[in-house]
Amino acid sequence: MRILFMGTSEFAIPTLQALVAHKFEIIGVVTQPERPSGRGKRVTPTPVKAEGLRYNLTVYQPEKVRHARFLKTLEQLAPDIIVVAAFGQLLPQAMLDIPPCGTVNLHPSLLPKYRGAAPIQWTLINGETETGVTVMLVDAGEDTGDIICQERIDIGLKDTAVTLTDTLAHLGAKRLVRILNEMPPNRPPAAVSQNHAHATHAPRLTKENGHINWQQPATEIHNLVRGTAIWPGAYTFLSQNLRLKILQCLPQPRTLTVPPGTLHIENRQTLLVATGEGTLQVLKIQPATKKEMDARDFINGYQLRTGNRFL
RNA sequence: CGCAGGGUAGAGCAGUCUGGUAGCUCGUCGGGCUCAUAACCCGGAGGACGUGGGUUCAAAUCCCACCCCUGCAA
């Protein structure tokens, strides 16, 4: 079976690796073109491109997959099936019509919930206690296609976007391999349509999504820290120009009778912040232009005292 | 050639503008106090101030080059 793989980010890697490990015939890898990025405007390969080249696979990087030129390339490649994971562009119907066995996508949520670009992040931000992966047939909509199978898992209090992405990527890779192994010949696998009435949307995060509002309950701020861990990070300000990312924290049940955002320091090493409801203990923090550090180092180096405030 | 901050003791930072004995909060080691401590008191060890060159009587500090780290932006 001739498989064309499409993916871009880290999330797609375990699936690509699994396909290689199970000796599927991968006729090519499609990933987004790399663009000048990072400090100094450097150009870095997408994770999928780097991995694809490592396996000596042919890598395609069309500017837009819907452009006629790429569709033509695709026809010549004549894949039996297209496997998609975190690719980053919507696929046009003209493209979906090409592979006889269809186009399957791995999505890190329990569809129809959390359709869109940032399902894992929003799942955490909203404080969900369970999530999962969905393997589905791609249609022209955004994550609206028929569901082939799903697998749910519990979300732990220590889970962040980083750990969940890793867990779901591996879980999904296994599922996908099983589906490919059980494929009927020359037609798409069986699937059932989504209950569109229950759909929710998880749009790409913006930088502003990471801005901490200390009026919120400690648990919600904690969820924000977990959900924005990959990007943009949950941030606040110590002064007008000192921006800080809260990297790790823990909600505490006790209540401080001071305005939200006020710091309470115990024994020069425990950093508590008053919130709208409950208290947030900050464990790891990163001041702008500095490396990640423990709360204790932050307190010592920045000479913090009870009564200082996060803005 | 995107914008910016940084590299000083094991950690986090000040000192650099205005050159003149290496500092702060911790940690660590030793001692003391206490029923007790992540508490408190006393004392000690621990630094080629990122690297190389230059200016100077004198450089962490001023000048030049390079290496490394990070935030923003994408």
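Each chain gets a letter, A, B and so on, in the order the sequences are listed, and its residues count up from 1.
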Whole-Å [atom1] distance, [N] and [M]:
| N | M | atom1 | answer |
| --- | --- | --- | --- |
| C64(B) | U25(B) | P | 35 Å |
| C17(B) | A11(B) | P | 26 Å |
| C66(B) | G7(B) | C1' | 14 Å |
| G12(B) | U70(B) | P | 13 Å |
| A22(B) | A9(B) | C1' | 10 Å |
| U18(B) | C63(B) | P | 10 Å |

Can you tell me the distance, in whole Å, between the [atom1] atom of [X] and the [atom2] atom of [N]?
| X | N | atom1 | atom2 | result |
| --- | --- | --- | --- | --- |
| Lys290(A) | G5(B) | NZ | C1' | 8 Å |
| Lys41(A) | C1(B) | NZ | C1' | 8 Å |
| Leu238(A) | C13(B) | CG | P | 13 Å |
| Leu283(A) | G12(B) | CG | P | 18 Å |
| Asp294(A) | U25(B) | CG | C1' | 15 Å |
| Arg35(A) | G2(B) | CZ | P | 18 Å |
| Glu292(A) | A11(B) | CD | P | 15 Å |
| Leu244(A) | C72(B) | CG | P | 12 Å |

| More than 12 heavy atoms from other groups under 6.0 Å of CZ on Arg66(A) | no

| query | Is Arg175(A) atom CZ crowded by more than 12 heavy atoms from other residues, nucleotides or ligands, each under 6.0 Å away? | reply | yes

Does a side-chain N or O of [X] approach OP1 or OP2 of [N] to a distance below 4.0 Å, or not?
| X | N | result |
| --- | --- | --- |
| Lys291(A) | G7(B) | no |
| Arg39(A) | G71(B) | yes |
| Tyr302(A) | G12(B) | no |
| Gln286(A) | G71(B) | yes |

Nucleotide paired to [N] in any strand shown, Watson-Crick or G-U, under 3.5 Å:
| N | value |
| --- | --- |
| U18(B) | none |
| A4(B) | U70(B) |
| A65(B) | U51(B) |

Is any side-chain heavy atom of [X] closer than 4.5 Å to a side-chain heavy atom of [Y]?
| X | Y | result |
| --- | --- | --- |
| Leu111(A) | Gln150(A) | yes |
| Ile120(A) | Thr131(A) | no |
| His264(A) | Val258(A) | no |

| query | What class does the angle between the rings of Phe237(A) and Tyr235(A) fall in, given that below 30° is parallel, 30 to 60° is tilted and above 60° is perpendicular? | reply | perpendicular

| task | Determine, for Glu51(A) against Arg54(A), whether the closest basic-nitrogen to carboxylate-oxygen distance falls under 4.0 angstrom. | result | yes

| message | Assess, by modelled atom type and distance only, whether the side chains of Gln89(A) and Lys64(A) contain a donor and an acceptor separated by less than 3.5 Å. | response | no

| request: Look at the side chain of Asp297(A) and decide which nucleotide, out of G71(B), G27(B), A11(B), has an atom nearest to it. | output: A11(B)

| task | Consider the side chain of Arg243(A), meaning its heavy atoms from C-beta on, and name the nucleotide among G5(B), G27(B), C72(B) that approaches it most closely. | result | C72(B)

| Nearest-nucleotide 5' precedence on RNA chain B, Arg296(A) against Arg42(A) | Arg42(A)

| remark: B/S/- along nucleotides 33-39 of chain B (protein heavy atoms under 4.0 Å) is -----B-

